[in-house]
Undergrad: 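Dropping a structure here in structure tokens format, bear with me for questions.
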Amino acid sequence: MEALSEELQDNQYYVEVLDALIEENDLELKHRLQKADTYRIFINEQASLLMDKTIDHIRKNKSSFSIASSIILDEWNERMFS
């Protein structure tokens with residue numbers, strides 16, 4: 001397995017993607033969490049979880065990061081917004 005870039009190791013990839021998905025799908029959720037000052041905590045926890053799931057998927061299926069990430073993000077999006 002190839003080494004993850006520094007950006008991927010600290011979950012910044014998912015932080016940015018999750019922020020965009022939440023803004024696109026549930027702006028009210030984003031505003032509620034921001035008012036409670038918990039939005040960054042929520043995003044960082046979810047990003048960490050998604051990175052762990054992506055790494056597990058890569059190991060189990062020997063797939064690329066982009067394929068694994070796409071699958072994991074689709075699953076998260078379905079759970080959160082369906």
Undergrad: Report yes if some heavy atom in the side chain of Tyr13 is under 4.5 Å from a heavy atom in the side chain of Phe65; otherwise report no.
TA: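 Yes. Closest side-chain heavy atoms under 4.5 Å.
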
Undergrad: Once ring pair (Phe, Tyr, Trp, His ring centres under 6.0 Å) is applied, do any residues pair with Phe42, and if so which ones, sequence neighbours excluded?
TA: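 Residues passing ring pair (Phe, Tyr, Trp, His ring centres under 6.0 Å) with Phe42: none at all.
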
Undergrad: Transitive ILVMFWY cluster of Ile41 at side-chain heavy atoms under 4.5 Å: who else is in it?
TA: none

Undergrad: Can you list the other members of the hydrophobic cluster that holds Ile67, where links are side-chain heavy atoms under 4.5 angstrom apart?
TA: Ile71

Undergrad: Test of understanding: with side-chain hydrogen bond (donor to acceptor under 3.5 Å, both in side chains), list the residues that count as partners of Ser70, not counting sequence neighbours.
TA: none

Undergrad: According to side-chain hydrogen bond (donor to acceptor under 3.5 Å, both in side chains), who are the partners of Lys30, at least two apart in sequence or on a separate chain?
TA: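 For Lys30 the side-chain hydrogen bond (donor to acceptor under 3.5 Å, both in side chains) partners, ignoring immediate neighbours, are Asp19, Glu23.
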
Undergrad: Looking at Leu18 and Ala47, what are the two nearest heavy atoms and their distance?
TA: CD1-N, 3.5 Å

Undergrad: According to side chain to side chain contact (heavy atoms under 4.5 Å, CB included), who are the partners of Asn25, at least two apart in sequence or on a separate chain?
TA: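 Here the qualifying residues are Leu21, Asn77, Phe81.
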
Undergrad: Compare all side-chain heavy atoms of Ile43 with those of Ile22 and state whether any distance is below 4.5 angstrom.
TA: yes

Undergrad: Applying salt bridge (charged side-chain N to carboxylate O under 4.0 Å, His left out), can you list everything that pairs with Glu28, at least two apart in sequence or on another chain?
TA: Arg32

Undergrad: Taking all atoms of both residues into account, what is the closest heavy-atom pair of Thr54 and Ser69, and its distance?
TA: CG2-N, 3.9 Å

Undergrad: In chain order, what residues pass the side chain to side chain contact (heavy atoms under 4.5 Å, CB included) check against Asp52, with sequence neighbours excluded?
TA: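 Ser48.
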
Undergrad: Starting at CD of Gln34, measure out to CZ of Arg40 and round the result to the nearest 0.5 Å.
TA: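 Gln34 CD to Arg40 CZ: 8.0 Å, rounded to 0.5 Å.
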
Undergrad: Please name all residues satisfying side-chain hydrogen bond (donor to acceptor under 3.5 Å, both in side chains) with Ser64, sequence neighbours left out, ordered by chain then number.
TA: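 Applying side-chain hydrogen bond (donor to acceptor under 3.5 Å, both in side chains) to Ser64 gives Ser66.
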
Undergrad: Show the numbers, then the answer: is there a side chain to side chain contact (heavy atoms under 4.5 Å, CB included) between Tyr14 and Leu49?
TA: CA-CA 10 Å; Tyr14 281 120; Leu49 176 69; over 6 Å; no

Undergrad: Around atom CG of Asp37, are there more than 12 heavy atoms from other residues, nucleotides or ligands closer than 6.0 Å?
TA: no

Undergrad: Would Ile55 and Met51 satisfy side chain to side chain contact (heavy atoms under 4.5 Å, CB included), going step by step from the backbone distance to the final call?
TA: CA-CA 6 Å; Ile55 291 169; Met51 184 56 70; 4.0 Å; yes

Undergrad: Show, in sequence, the C-alpha distance, side-chain angles and deciding distance for Leu29 and Met80, and conclude whether the side chain to side chain contact (heavy atoms under 4.5 Å, CB included) test is met.
TA: CA-CA 11 Å; Leu29 170 65; Met80 283 296 294; 4.0 Å; yes

Undergrad: Once side-chain hydrogen bond (donor to acceptor under 3.5 Å, both in side chains) is applied, do any residues pair with Glu45, and if so which ones, sequence neighbours excluded?
TA: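 Once residues adjacent in sequence are excluded, Glu45 has no partner under the side-chain hydrogen bond (donor to acceptor under 3.5 Å, both in side chains) criterion.
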
